[in-house]
Amino acid sequence: MSALILVLVGVASGVTTALFGFGGGFVAVPVLVWADAALGDDATRVAVATSSVLMVVAAAVATASTPRAVVAELRGSRRLLGLLAVGGVLGAVAARHVPGDAIAVGFVAYLLLTIVAVTVRPGFLEEGVDGARPIGPGAGIPIGSVAAFLGVGGSVVTVPLMRRNGHRMAVATALANPLTLAVALPATAVFLLCSGGRPAGAGAGFVGAVDLRAAAALLVGSLPVIVLLRRRGPRLSDRAHARWYVGLLVVVTVAMTASLLR
């Protein structure tokens with residue numbers, strides 16, 4: 001039954017990845033904390049590590065399914081991508097040395113701050129315009145570090161930032177996937193190679209802190225949905241798209257809080 005639930009969650013993750021630029025971390029972390037609850041304090045660490053694997057695969061598939069004209073907007077962003085990767089390594093290393101409960105609390109706190117920021121600060125809920133500004137390379141390390149440490153993916157930072165820079169939601173969420181890939185690839189390498197072995201009490205199917213069986217079930221549900229929606233997704237107005245994004249942030253915050261309080 002838990003495998004079926006993970007596949008269904010994967011479907012939801014595929015929808016959010018394709019339409020909103022996030023899914024591996026935001027949707028998967030609360031569910032993985034629940035799925036691996038028997039590991040105790042290590043459950044959150046496993047959830048963050050496993051979500052990194054999900055983000056690599058899902059972001060790669062979503063990027064490959066995005067029109068080249070949209071991805072081409074990242075031309076000249078090599079320095080930003082490199083610094084995102086550096087931040088991903090730093091965040092993943094830091095996550096290895098922090099208690100799982102602290103990461104979970106940080107996850108919820110960051111979501112709450114993001115919800116407040118996108119609803120109170122001007123720019124996010126307003127109509128996007130042409131001639132948007134790119135993200136500066138100086139934001140690469142902070143974005144990568146926070147994203148990898150909390151397992152949320154870069155989209156929770158990059159999408160609001162791109163909105164404030166004038167991007168339309170359709171473009172901001174599409175570009176979030178290759179930016180997330182730049183963070184998740186090195187972070188996943190850290191989790192796979194330097195996690196210090198399986199958590200105490202973990203069964204078969206773990207590589208370091210990564211729960212490969214849970215990751216596989218989530219990907220079975222998510223990948224077909226990502227490809228389908230990237231090619232034939234629904235058309236949302238820019239403002240409606242932004243409001244749905246905020247609504248999903250609220251849902252994930254409630255889900256993660258419930259996981260902590262149970």
Side-chain angles (χ1 to χ4, degrees), residues 16-26 55 58-60 62-63 65-88 90-91 109-150 152-185 187 230 233 235-250 252-253:
T16 59
T17 297
L19 298 183
F20 301 99
F22 65 77
F26 264 21
M55 284 186 285
T63 300
S65 303
T66 299
R68 293 184 179 180
V70 176
V71 178
E73 293 201 22
L74 290 177
R75 288 175 181 171
S77 299
R78 290 184 179 179
R79 188 179 175 195
L80 171 63
L81 296 174
L83 292 174
L84 284 170
V86 172
L90 295 176
Y110 191 83
L111 289 179
L112 290 172
L113 288 173
T114 301
I115 292 169
V116 172
V118 299
T119 54
V120 174
R121 296 182 62 181
F124 190 86
L125 295 176
E126 299 171 4
E127 193 78 19
V129 297
D130 295 326
R133 303 184 307 277
I135 297 176
I141 290 179
I143 291 173
S145 298
V146 171
F149 180 76
L150 298 178
V152 299
S155 60
V156 66
V157 185
T158 58
V159 170
L161 184 55
M162 283 189 282
R163 284 291 286 172
R164 288 197 296 272
N165 286 356
H167 285 87
R168 299 183 186 279
M169 277 297 293
V171 175
T173 54
L175 294 181
N177 288 302
L179 295 176
T180 293
L181 189 59
V183 175
L185 270 173
R230 272 297 178 201
R235 293 185 178 181
L236 299 173
S237 71
D238 195 55
R239 289 186 176 180
H241 204 163
R243 291 191 181 104
W244 275 103
Y245 185 95
V246 176
L248 284 171
L249 294 184
V250 173
V252 175
T253 302

So do the side chains of Leu236 and Met169 get within less than 4.5 Å of each other, counting heavy atoms only? no
Run Leu81 and Leu84 through side-chain contact (heavy atoms from CB on, under 4.5 Å) and show every step you take. CA-CA 5 Å; Leu81 296 174; Leu84 284 170; 4.3 Å; yes
Tightest non-hydrogen contact, residues Ala170 and Asp238, listed as N-OD1, 4.5 Å
With a 4.5 Å limit on heavy-atom distance, are the side chains of Leu80 and Ile143 in contact? no
Kindly give the heavy-atom pair with the smallest separation between Ser65 and Arg230, and that separation in Å. CB-CB, 3.5 Å
Test of understanding: with side chain to side chain contact (heavy atoms under 4.5 Å, CB included), list the residues that count as partners of Ile141, not counting sequence neighbours. Leu83, Val86, Leu90, Ser145
Less than 4.5 Å apart, side chain to side chain, heavy atoms only: is that true for Leu150 and Val156? no
Rounded to the nearest 0.5 Å, how far apart are CZ of Arg133 and CE of Met162? 13.0 Å
Search all heavy atoms of Ala172 against all heavy atoms of Val159 and return the closest pair with its distance. O-CG2, 3.9 Å
For a quick test of reading the model, state the closest non-hydrogen atom pair linking Pro178 to Leu74 and the distance between them. CG-CD1, 3.5 Å
Just to verify, what does Arg239 make a salt bridge (charged side-chain N to carboxylate O under 4.0 Å, His left out) with, not counting sequence neighbours? Glu127
Test item: Thr63 and Thr180 side chains (from C-beta on) under 4.5 Å apart, heavy atoms: no
Ignoring hydrogens and angles, tell me if any N or O in the side chain of His167 forms a donor-acceptor pair with the backbone of Leu161 under 3.5 Å. no
Mind checking whether Leu19 and Trp244 have side chains closer than 4.5 Å, heavy atoms only? no
Side-chain contact test, heavy atoms from C-beta onward, threshold under 4.5 Å: evaluate it for Val157 versus Tyr110 and give yes or no. yes
So, for Pro134 and Asn165, which heavy atoms are closest and what is the spacing to 0.1 Å? O-ND2, 3.4 Å
Report yes if some heavy atom in the side chain of Val70 is under 4.5 Å from a heavy atom in the side chain of Leu175; otherwise report no. yes
Just say parallel, tilted or perpendicular for the rings of Phe20 and His241, cut-offs at 30° and 60°. perpendicular
Minimum side-chain heavy-atom gap Thr16-Val252 below 4.5 Å: no
Please enumerate all residues that pass side chain to side chain contact (heavy atoms under 4.5 Å, CB included) together with Thr253, with sequence neighbours excluded. Val108, Leu111, Leu112, Ile115, Thr257
Supply the atom-to-atom distance Ser77 OG to Ile135 CD1, rounded to the nearest 0.5 angstrom. 8.5 Å
Show the nearest heavy-atom pair for residues Ala148 and Gly87, with the distance to one decimal. CB-O, 4.5 Å
